Amino acid sequence: MFEKCREYPGKIKILRSLKVRLFLIILLSGIIPSVGMRYAILRGYEDRAVNVRIADVQNQFKILANHLLIYGYFHDTASEVVNTELDQLSNLYDGRVLIIDRNFKVIKDTYGISEGRTIISEEVIRCFKGSGTTNYDSKNGYIEITTPIVNTVVSTADTQTGTEQTQEEGLAEGVILSSASTSTIMTTLDILNRRAIIVEVIALVFVVAIAFVLSRLLIAPFERVTQAINEVKAGFTDDEIAVNDYVETEHIVDAFNQLLGRMKVLDDSRQEFVSNVSHELKTPLTSMKVLADSLMSQEEVPAELYKEFMTDIANEIERENKIINNLLSLVKMDKKAADLNIVSMDINELLELILKRLRPIARKKNVEVIYESMRPVTAEVDEVKLTLALSNLVENAIKYNRPEGWVRVTLDADHRFFTVEVADSGIGIPQEAQEHIYERFYRVDKSHSREIGGTGLGLAITRSAILMHRGSIRVESVEGQGTTFTVKIPLIYLV
């Protein structure tokens, strides 16, 4: 089946077209009622014509039954009047008439081939009981009718006030078994059917034309949506599109405009990121070039000055290296979460190891680092990425702190999440800057950040790592009083 689908991809694509489907729906909506109406009309005519023919034949043969009794046909079949009437009826209805007596013997056959034979059938027996039958054979085109031949007895009673006369039906003397052709009905049906087909063909032409026009009109708004999207894709415009013909097109256009807006934001963010990266990488290079040019422009440079300049150049190289390493870490964070190396580990031990590495930095700044664990916590995490994220938070709390300050790291957990809270007594973050701190290369105080070697990428890396763990990060800060970051991560990693 799949091989056939590959052989006819064009046909499958056509059948998937909304325009083609609308065309077929409208076409079938016009054809099916037309065919059904033709069938109903022809069937109704046939039923009515057959019923009229049956009623006519029954009336004629009731009259014939009376004549058979009047002329004593069961005793003498030589009656010229009755035989002439039988021949006339046989010719009139293009059929056959059999007269059967009460012994089930055929005494007269207008075809002259069954006289003297005995006929016993359900219809004949029922007719002898006084119930005539009819049977229409549409396949062979004839109607079979049985008519009882019943002798009516008239009785009269005299009374003082008048004479009362009654009629009673006696036993059946015989049965008339007749067949009448329906060829004229069939001929009329054929004529009506041909005319109906001609009308259907004419109607079909109109329906096809209407279906073609309507399918194009109904699909036109979607084609305008496609054209507008293609223009945006080709770069001819970046304006929002509007096709408000249908509710459906409005939904599609709204979704596309939202996507377009998101793309613009991402593009602006990408351009800003590239610009920031260029600036951050260019600044150390510019400093190194200025220092190198100063050395080259002087003759007989003292060793102390030469050493001072080389130290500055080495610091700029270290800063450049730090920026590049952070950019590489950020790129890795931007990969899919499938790149996470999830393992079950003791979060208490992880935090103790992180703080052990950072306490020397804290001692240099005379900052006290306090660790509080409310309970043992084991969770499914990526050790490398989570270590990087938490290290950035603690390191920032140390670097942006006050002398004689403190940093408190608190670990807690419930039945679903573990929480790491990093609080400090540092310089704090202004309220208007708190919503931007996770942006790449964003610095609250650029001059202070350069002094302590900040690159503006640490919190962006931290947030990416936490989001990859399906966690969340929240900041609370008061300028001049301190900052608290709260990280919340599921105990069990959910794909």
Side-chain angles (χ1 to χ4, degrees), residues 319 322 325-326 329 345-377 379 381-413 417-431 433-439 442-467 469 471-489:
R319 183 166 176 269
K322 186 180 294 187
N325 288 334
N326 283 342
S329 298
M345 65 179 308
D346 189 330
I347 304 301
N348 301 76
E349 292 183 0
L350 178 66
L351 283 172
E352 288 175 356
L353 183 60
I354 291 172
L355 297 180
K356 182 178 180 181
R357 294 172 182 170
L358 294 176
R359 277 196 172 97
I361 300 175
R363 282 195 290 269
K364 288 181 180 180
K365 297 199 56 130
N366 201 18
V367 173
E368 181 183 6
V369 177
I370 306 166
Y371 173 55
E372 295 180 355
S373 176
M374 302 302 177
R375 57 182 51 82
V377 177
V381 296
D382 184 311
E383 181 181 0
V384 175
K385 291 182 173 59
L386 184 61
T387 299
L388 181 61
L390 297 178
S391 296
N392 283 338
L393 291 178
V394 178
E395 188 173 359
N396 282 349
I398 295 171
K399 289 180 177 179
Y400 294 94
N401 215 313
R402 305 174 182 276
E404 308 295 333
W406 52 264
V407 174
R408 180 181 292 107
V409 180
T410 307
L411 174 64
D412 199 357
F417 300 91
F418 73 88
T419 305
V420 178
E421 185 179 275
V422 180
D424 64 61
S425 59
I427 60 177
I429 303 172
Q431 184 68 34
Q434 291 181 17
E435 61 180 10
H436 302 290
I437 59 176
Y438 302 112
E439 297 176 6
Y442 181 83
R443 297 187 185 89
V444 177
D445 185 348
K446 293 186 178 182
S447 60
H448 189 53
S449 295
R450 290 185 186 279
E451 290 175 5
I452 63 176
T455 62
L457 294 171
L459 288 179
I461 294 172
T462 297
R463 182 174 180 272
S464 296
I466 293 171
L467 292 180
H469 284 83
S472 63
I473 182 170
R474 179 168 50 88
V475 62
E476 295 178 1
S477 182
V478 177
E479 190 173 7
Q481 297 183 19
T483 303
T484 300
F485 282 94
T486 304
V487 175
K488 192 174 185 180
I489 297 176

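Residue indices begin at 1 and follow the sequence shown. Worth saying up front: this structure is predicted, and the values here are computed from it rather than measured.
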Completion exercise
Residues at least two apart in sequence or cross-chain that pass side-chain hydrogen bond (donor to acceptor under 3.5 Å, both in side chains) with Ser477, listed by chain then number, are Thr483
Run the side-chain donor-acceptor check on residues 350-364: report pairs under 3.5 Å with partners two or more places apart or on a different chain.
none

Problem - Euclidean distance, Ile398 CD1 relative to Leu393 CG, rounded to 0.5 Å - result: 11.0 Å
Fill in the blank from the handout: Separation between CD (Glu383) and CD1 (Ile347), nearest 0.5 Å, reads 9.0 Å
Problem - With sequence neighbours excluded, residues passing side-chain hydrogen bond (donor to acceptor under 3.5 Å, both in side chains) with Glu404 - result: Asn366
Practice task
State which residues pass salt bridge (Lys or Arg N to Asp or Glu O under 4.0 Å) with Glu372; sequence neighbours excluded, sorted by chain then number.
Solution key: Arg408
Fill in the blank from the handout: Rounded to the nearest 0.5 Å, the CD1 atom of Ile429 sits from the CG atom of Asn396 at a distance of 8.5 Å
Handout entry: Within-4.5 Å side-chain heavy-atom neighbours: Thr486 and Val475
Key = no
Practice task
Provide the closest heavy-atom pair for Lys385 versus Ala465 in the form atom of the first, atom of the second, distance.
Solution key: O-CB, 3.7 Å
Problem - Contacts of type side-chain hydrogen bond (donor to acceptor under 3.5 Å, both in side chains), residue Thr484, not counting sequence neighbours - result: none
Handout entry: Non-hydrogen side-chain atoms of Ile489 and Leu386 separated by less than 4.5 Å
Key = yes
Handout entry: Contact check, side chains of Asn348 and Tyr371, non-hydrogen atoms, under 4.5 Å
Key = yes
Problem - Those residues that, when tested against Glu476, pass salt bridge (Lys or Arg N to Asp or Glu O under 4.0 Å) (two or more places apart) - result: Arg474
Practice task
Walk me through it: do Val381 and Phe418 pass the test side chain to side chain contact (heavy atoms under 4.5 Å, CB included)?
Solution key: CA-CA 11 Å; Val381 296; Phe418 73 88; 4.2 Å; yes
Problem - Asn401 (side chain) donor-acceptor with Trp406 (main chain) under 3.5 angstrom - result: yes
Fill in the blank from the handout: Output for pair (Leu411 CG, Glu421 CD), nearest 0.5 Å, gives 11.0 Å
Completion exercise
Here the gap from Lys399 atom NZ to Asn392 atom CG, rounded to the nearest 0.5 Å, amounts to 8.5 Å
Practice task
For the residue pair Val367 and Asp424, establish whether any side-chain heavy-atom pair is separated by less than 4.5 Å.
Solution key: no
Fill in the blank from the handout: What one should report as the nearest heavy-atom pair of Ile466 and Ser472 is CG2-N, 3.5 Å
